[in-house]
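All values below come from the heavy atoms of this structure, side chains included, with hydrogens, waters and symmetry mates left out.
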Amino acid sequence: MHRHDVCDVYCYDDEKVERVQRRLRDEPIAEIVPFFKALADENRAKIVYALCGEEELCVCDLANVIGATVATASHHLRILYKQGIVKYRKEGKLAFYSLDDDHIRELLLVALAHRKEGGWPWGMNKH
């Protein structure tokens with residue numbers, strides 16, 4: 001069987017590879033992997049999307065948004081908090097969450113726009 005998505009011969013451009021490897025040494029790529037892993041969960045992505053449209057939501061609101069218990073929503077929020085994706089404030093007995101900054105909103109909205117433009121070929125249903 002012949003595959004068309006791989007090179008037919010093994011060769012590489014030493015100059016380009018070295019240039020990219022130098023750039024990689026200067027960037028903390030491994031440090032951002034947990035950030036993307038946190039967003040890779042559907043419920044956490046829904047929470048972040050909900051917070052893209054609202055300044056802040058309490059844990060109870062978010063639990064209802066994702067159709068889960070408060071305990072489950074809290075678990076997801078702790079993961080997002082540890083990755084610097086959300087922040088919270090307490091008001092009496094309520095905990096209100098918001099996005100840590102606009103970069104988070106931009107990342108999620110760009111990913112959604114990319115998907116809508118058909119840029120996601122990984123076997124997902126295209127609209």
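Across every non-hydrogen atom of Arg105 and Cys52, the tightest pair is NE-O, 3.1 Å. Minimum interatomic distance between Leu62 and Ala50 (heavy atoms only, all atoms of both residues): CD2-CB, 4.1 Å.
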For this session: Would you please test Tyr97 and Leu57 for side chain to side chain contact (heavy atoms under 4.5 Å, CB included) and show each step?
Result: CA-CA 5 Å; Tyr97 281 82; Leu57 292 166; 5.9 Å; no
For this session: Go through Val65 and Tyr49 one step at a time and tell me if the side chain to side chain contact (heavy atoms under 4.5 Å, CB included) criterion holds.
Result: CA-CA 10 Å; Val65 164; Tyr49 180 77; over 6 Å; no
Exercise. For Arg23 and Asp26, what are the C-alpha separation, side-chain angles and deciding distance, and is it a salt bridge (charged side-chain N to carboxylate O under 4.0 Å, His left out)?
Worked result: CA-CA 5 Å; Arg23 286 194 344 250; Asp26 295 337; over 6 Å; no
For this session: Determine, step by step, whether Ser98 and Glu55 satisfy the side chain to side chain contact (heavy atoms under 4.5 Å, CB included) criterion, reporting the C-alpha distance in whole Å, the side-chain angles of both residues, the deciding distance to 0.1 Å, and the verdict.
Result: CA-CA 6 Å; Ser98 59; Glu55 190 171 320; 5.7 Å; no
Problem set entry | Derivation and outcome, side chain to side chain contact (heavy atoms under 4.5 Å, CB included), residues Tyr88 and Tyr81 | CA-CA 8 Å; Tyr88 73 92; Tyr81 177 77; 3.8 Å; yes
Exercise. Taking it one step at a time, do Glu91 and Arg89 satisfy salt bridge (charged side-chain N to carboxylate O under 4.0 Å, His left out)?
Worked result: CA-CA 7 Å; Glu91 187 175 303; Arg89 69 177 182 84; 2.7 Å; yes
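When the side chains of ILVMFWY residues are joined at heavy-atom separations under 4.5 Å, either directly or via intervening members, Phe36 and Ile29 end up in two distinct hydrophobic clusters. Under the 4.5 Å side-chain heavy-atom criterion for grouping Ile, Leu, Val, Met, Phe, Trp and Tyr, Phe96 is not connected to Leu99 through any hydrophobic cluster. Cluster membership check: Ile79 does not share its hydrophobic cluster with Leu77, using side-chain heavy-atom separations under 4.5 Å among Ile, Leu, Val, Met, Phe, Trp and Tyr. Hydrophobic clustering keeps Val70 apart from Leu94 (ILVMFWY residues linked when any side-chain heavy atoms are closer than 4.5 Å, directly or through intermediates). Connection of Val20 to Ile32 is not established within any shared hydrophobic cluster, with ILVMFWY side chains joined at heavy-atom distances below 4.5 Å, either directly or through further cluster members.
Using modelled atom types, no side-chain atom of Thr72 and backbone atom of Ala68 make a donor-acceptor pair closer than 3.5 Å. Between the side chain of Arg44 and the backbone N or O of Ala38 there is at least one donor-acceptor pair closer than 3.5 Å. Although no hydrogens or angles enter the test, the distance criterion places no donor-acceptor pair under 3.5 Å between the side chain of Asn64 and the main chain of Asp61.
The CZ atom of Arg19 sits 11.5 Å away from atom CG of Asp14, with the distance rounded to the nearest 0.5 Å. Put simply, NE2 on His75 and CG on Asp41 are 7.5 Å apart, with the number rounded to the nearest 0.5 Å. Rounding to the nearest 0.5 angstrom, the gap separating the NZ atom in Lys46 from the CD atom in Glu42 is 4.0 Å.
Here the rule is side chain to side chain contact (heavy atoms under 4.5 Å, CB included) with Ile85, and of Leu80, Ile47, Leu51 only Leu80 fits it.
Scored by the salt bridge (Lys or Arg N to Asp or Glu O under 4.0 Å) test, Glu106 finds no partners at all (sequence neighbours excluded).
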